[in-house]
**Q** 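Here it is: the structure, laid out below.
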Amino acid sequence: MGAPTIFSSWQIISAVLMIYLASIVFYRMTLHPLARFPGPKLAAIMRGYEAYYDLILNGKYTFKIKELHMKYGPIIRISPHELHVHDQSFLNTLYNHDPMNKYAWSYDAHTAMGSTAFTIDHQLHKARRQALNPFFSKAKVNAHQNMIQMYADKLCRRISEYTNTTFDLGAASLAFTQDVANEFIMKKTYGSLDREDFDVAMLVVLQGAGKVWRLNKHLRWYGHLLKALPLSLLSRIAGDTLTNFLLRLHEQYQDTESQLKLVASSTIEGKKMTPRTIVHDILDSKLPPSDKTTQRIYEDLSTICNAAFETTANVLRLVLFHVFSDPVILQQLRSELKSTKSSDLKTLEQLPYLTSVLKEGLRLGGGLSTRLQRVSEKDLFYGGWRIPAGHPVGMTPFLLHTDDEVHYNAQDFIPARWIDAKSRKRSEAAFVPFSKGSRVCLGMHLAWAELYIVVAALARRFDFEFPSATAEDFVCDSDQFLIQTRSKGHLYAIPTPTKPS
Ligand code: HEM
């Protein structure tokens with residue numbers, strides 16, 4: 001017979017667990033390489049701090065980070081593992097061409113590890129990006145301006161159908177950016193502008209996508225589980241809107257597959273005959289065969305397309321709301337547009353007021369609402385601080401764009417700030433809607449071109465009234481990776497043709 005034990009096995013397990021947790025807390029507070037950085041103790045101890053703002057308060061950690069900077073200064077520890085800097089002078093240190101990885105904890109949560117956008121490793125990203133760069137160059141975009149103009153004209157025709165009645169200009173803006181991006185990248189559209197409701201289901205799905213990403217960050221199995229479920233089961237659980245989106249992704253997978261087959265089976269002559277898509281560029285690149293599988297190419301392609309849609313549409317809606325709600329801005333824009341009859345992209349790019357309007361849209365509605373972390377192989381330095389190599393540090397474009405210390409009346413839509421030399425210099429220093437360095441937005445030239453062409457077309461042809469919208473509806477109120485606003489992307493408008501003056 002053994003000796004009687006004083007403690008039950010549950011008590012022993014609990015005690016071991018307590019000691020384990022206490023030693024983690026002790027380590028994170030004292031010996032951890034980030035222990036000396038300022039910030040709330042709870043955030044330094046556990047990720048649960050961030051999870052509370054992310055999940056319970058629905059994407060509010062970005063706003064909390066702003067508050068923490070006001071209390072603790074420009075560099076803070078925002079989780080046991082991560083720092084955040086709020087100072088534009090640090091932009092060039094963090095976003096450049098030095099070897100820097102992305103932060104797997106955040107970027108893997110998009111569950112598209114094969115995509116260039118979410119590739120963690122610096123070298124692998126560099127190779128993947130090289131294969132894509134030529135397709136998205138400024139010259140390539142310029143060569144597609146007639147296509148963009150064609151969709152802008154189509155948007156105008158569709159809007160004319162609603163003269164003096166209310167329609168959703170917010171959904172129409174997304175339909176435009178979807179059709180243009182799909183046509184540019186895949187030489188195919190899914191007919192969003194042709195749909196009676198401007199494909200509003202896509203708007204609803206894309207507005208909800210950030211929630212899945214935030215859940216995945218904290219519950220690592222969640223996204224993988226969703227992906228593993230068969231479409232038939234998922235559609236029973238998820239409802240029509242998500243099912244339609246998944247069907248669209250499925251169609252995109254099949255399109256990728258058939259393009260791969262087409263390119264593989266074509267003769268050199270045949271290849272020349274088929275319209276060149278991004279799939280051709282990836283297959284012709286120096287990437288290894290493992291990066292040329294259908295799944296990898298599909299992940300890249302669907303991520304690039306999705307990165308193109310809501311980002312640009314969000315800026316477009318915000319610009320349209322402010323331009324057509326403010327007679328002074330509208331009048332100034334129209335008189336500049338009248339000075340040239342041309343819709344040529346190069347000409348539009350030379351117009352200072354139109355450019356300022358778009359920059360203001362990109363400042364308030366562009367960029368991302370989340371922090372973009374980088375993990376450097378070398379120590380980084382900020383002020384008197386040494387940031388040890390291997391630890392993620394991020395900055396948030398949205399917080400820089402809306403900082404009153406940098407941009408006067410930062411919350412207000414004031415195109416003139418980009419005209420006046422002094423205020424322009426200040427604002428430019430903290431203006432990073434497309435980020436910088438090796439991970440700069442792949443589609444920035446396309447986004448600029450779309451905005452120039454479509455805003456000019458709408459300002460020349462229509463007046464809009466917004467019976468129920470207010471400026472607050474377009475202020476970022478939730479971090480969904482992308483900016484989310486109270487309007488959730490809807491903008492109800494009554495169009496009338498522009499009166500000849
Ligand atoms: C106004 C519109 C847009 C804004 C504000 C925007 C903003 C950004 C930002 C801030 C990043 C950096 C993300 C990070 O560091 O994790 C980024 C990356 C990216 N964007 Fe955009 N974007 C826009 C439009 C587009 C368009 C039209 C496309 C595609 C045609 C696109 C494709 C991408 C891709 C693929 C990346 C990842 C680049 C890489 O890591 O190499 N974006 N974008």
Side-chain angles (χ1 to χ4, degrees), residues 91 94-97 100-104 106-110 112-133 135-138 140-141 144 148 173-174 176-186 213 277-278 282 299-319 358-375 392-401 431-455 476 481-483:
L91 280 168
L94 196 59
Y95 305 109
N96 52 43
H97 291 268
M100 300 246 194
N101 295 338
K102 279 193 171 176
Y103 183 29
S106 175
Y107 285 96
D108 281 356
H110 292 278
M113 281 83 138
S115 71
T116 305
F118 304 133
T119 300
I120 303 304
D121 181 75
H122 175 82
Q123 292 303 342
L124 180 57
H125 170 266
K126 201 171 163 185
R128 287 177 171 170
R129 179 76 191 233
Q130 260 166 13
L132 302 176
N133 276 339
F135 199 86
F136 289 89
S137 68
K138 177 86 175 93
K140 276 274 162 62
V141 169
H144 281 80
I148 303 172
S173 301
L174 178 63
F176 168 77
T177 59
Q178 279 194 86
D179 278 359
V180 170
N182 283 325
E183 178 80 49
F184 185 87
I185 297 163
M186 287 294 279
W213 165 69
T277 70
I278 192 83
I282 295 175
E299 275 187 17
D300 216 2
L301 211 137
S302 62
T303 307
I304 297 170
C305 289
N306 282 320
F309 300 159
E310 252 305 290
T311 44
T312 318
N314 193 52
V315 177
L316 179 55
R317 282 176 210 120
L318 187 133
V319 165
L358 300 185
K359 279 191 163 177
E360 202 56 351
L362 283 162
R363 184 180 68 82
L364 287 171
L368 302 175
S369 53
T370 207
R371 55 202 193 268
L372 308 176
Q373 308 97 330
R374 299 293 181 263
V375 183
V393 50
M395 298 179 77
T396 307
F398 163 75
L399 291 182
L400 288 172
H401 289 180
F431 182 61
V432 275
F434 298 105
S435 189
K436 280 173 160 230
S438 57
R439 307 282 187 139
V440 68
C441 175
L442 178 69
M444 60 185 279
H445 301 302
L446 180 62
W448 270 113
E450 287 180 66
L451 292 168
Y452 269 113
I453 290 173
V454 77
V455 170
C476 175
F481 191 75
L482 305 179
I483 287 175

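All ligand and atom numbering here is 1-based and tracks the order in the structure. FYI, side chains are in, hydrogens and waters are out, and symmetry mates aren't considered; it's all heavy atoms of this structure.
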**Q** Stepwise, does the side chain to side chain contact (heavy atoms under 4.5 Å, CB included) test hold for D108 with F118?
**A** CA-CA 7 Å; D108 281 356; F118 304 133; 6.0 Å; no

**Q** Using atom types as modelled and distance alone, determine if a side-chain donor or acceptor of N101 lies under 3.5 Å from a backbone N or O of H122.
**A** yes

**Q** Please report which non-hydrogen protein atom sits nearest to atom 37 (C) of ligand 1, along with the residue it belongs to and the distance in Å to one decimal place.
**A** A117 CB, 3.4 Å

**Q** Counting each atom of ligand 1 from 1 as listed, which ones have a heavy atom of I304 under 4.0 Å away?
**A** 29 (C), 35 (C)

**Q** For S115 and D300, test the side chains for any donor-to-acceptor distance below 3.5 angstrom and give the result as yes or no.
**A** no

**Q** Counting heavy atoms only, which of T119, T177, T312 is nearest atom 2 (C) of ligand 1?
**A** T312

**Q** So which of K102, K126, R129, R128 actually passes side-chain hydrogen bond (donor to acceptor under 3.5 Å, both in side chains) with T119?
**A** R128

**Q** At under 4.0 Å between heavy atoms, is it the side chain or the backbone of L372 that contacts ligand 1, or both, or neither?
**A** side chain

**Q** Would you say N314's side chain and G365's backbone share a donor-acceptor pair under 3.5 angstrom?
**A** yes

**Q** Of the protein's non-hydrogen atoms, which lies at the shortest distance from atom 22 (N) of ligand 1, and what is that distance?
**A** C441 SG, 3.1 Å

**Q** Would you say the ring centers of H401 and F431 fall short of 6.0 Å from each other?
**A** yes

**Q** Going by atom types alone, do S173 and R317 pair a side-chain donor with an acceptor below 3.5 Å?
**A** no

**Q** For atom 4 (C) of ligand 1, what is the closest protein heavy atom, and at what distance to 0.1 Å?
**A** F434 CE2, 3.5 Å

**Q** Which of the atoms of ligand 1 are close to L362, meaning less than 4.0 Å from one of its heavy atoms?
**A** 1 (C)

**Q** Please determine which of L446, I304, D179 meets the side-chain contact (heavy atoms from CB on, under 4.5 Å) test together with F184.
**A** L446

**Q** For H125 and ligand 1, does the shortest N/O to N/O distance drop below 3.5 Å?
**A** yes

**Q** With a heavy-atom distance limit of 4.0 Å, tell me whether Y107 approaches ligand 1 through its side chain, its backbone, both, or neither.
**A** side chain

**Q** Has the side chain of Y95 got a donor or acceptor atom that lies under 3.5 Å from a matching backbone atom of M395?
**A** yes

**Q** Look at atom 28 (C) of ligand 1 and find which of A449, P433, G443 reaches it with the closest heavy atom.
**A** G443

**Q** Around atom 29 (C) of ligand 1, find the nearest protein heavy atom and jot down its residue, atom name and distance.
**A** A308 CB, 3.5 Å

**Q** Start with the C-alpha distance between Q373 and Y107, add both sets of side-chain angles, then the distance that settles side chain to side chain contact (heavy atoms under 4.5 Å, CB included), and finish with yes or no.
**A** CA-CA 9 Å; Q373 308 97 330; Y107 285 96; 3.7 Å; yes

**Q** Can you tell me which residue and heavy atom of the protein come closest to atom 32 (C) of ligand 1, and the distance to 0.1 Å?
**A** A307 CB, 3.5 Å

**Q** Would a distance-only check, ignoring hydrogens and angles, find a side-chain to backbone donor-acceptor pair under 3.5 Å from W213 to S106?
**A** yes

**Q** Using a 4.0 Å heavy-atom cut-off, say whether L446 meets ligand 1 through its side chain, its backbone, both or neither.
**A** side chain

**Q** Nearest protein heavy atom to atom 36 (C) of ligand 1, by residue and atom, and its distance?
**A** L442 N, 4.0 Å

**Q** Can you report which non-hydrogen protein atom sits closest to atom 24 (C) of ligand 1, along with the distance?
**A** T311 OG1, 3.4 Å

**Q** Of all the heavy atoms in M444, does at least one lie under 4.0 Å from an atom in ligand 1?
**A** no

**Q** Within a distance under 4.0 Å of any heavy atom of R374, pick out the atoms of ligand 1 and give their elements.
**A** 14 (C), 15 (O)

**Q** Show your working on side chain to side chain contact (heavy atoms under 4.5 Å, CB included) between T396 and T370 and close with a plain yes or no.
**A** CA-CA 6 Å; T396 307; T370 207; 5.8 Å; no

**Q** At less than 4.0 angstrom from any non-hydrogen atom of F136, what atoms of ligand 1 do you find?
**A** 30 (C)

**Q** What residue and heavy atom of the protein are closest to atom 38 (C) of ligand 1, and at what distance?
**A** R129 NH1, 3.3 Å

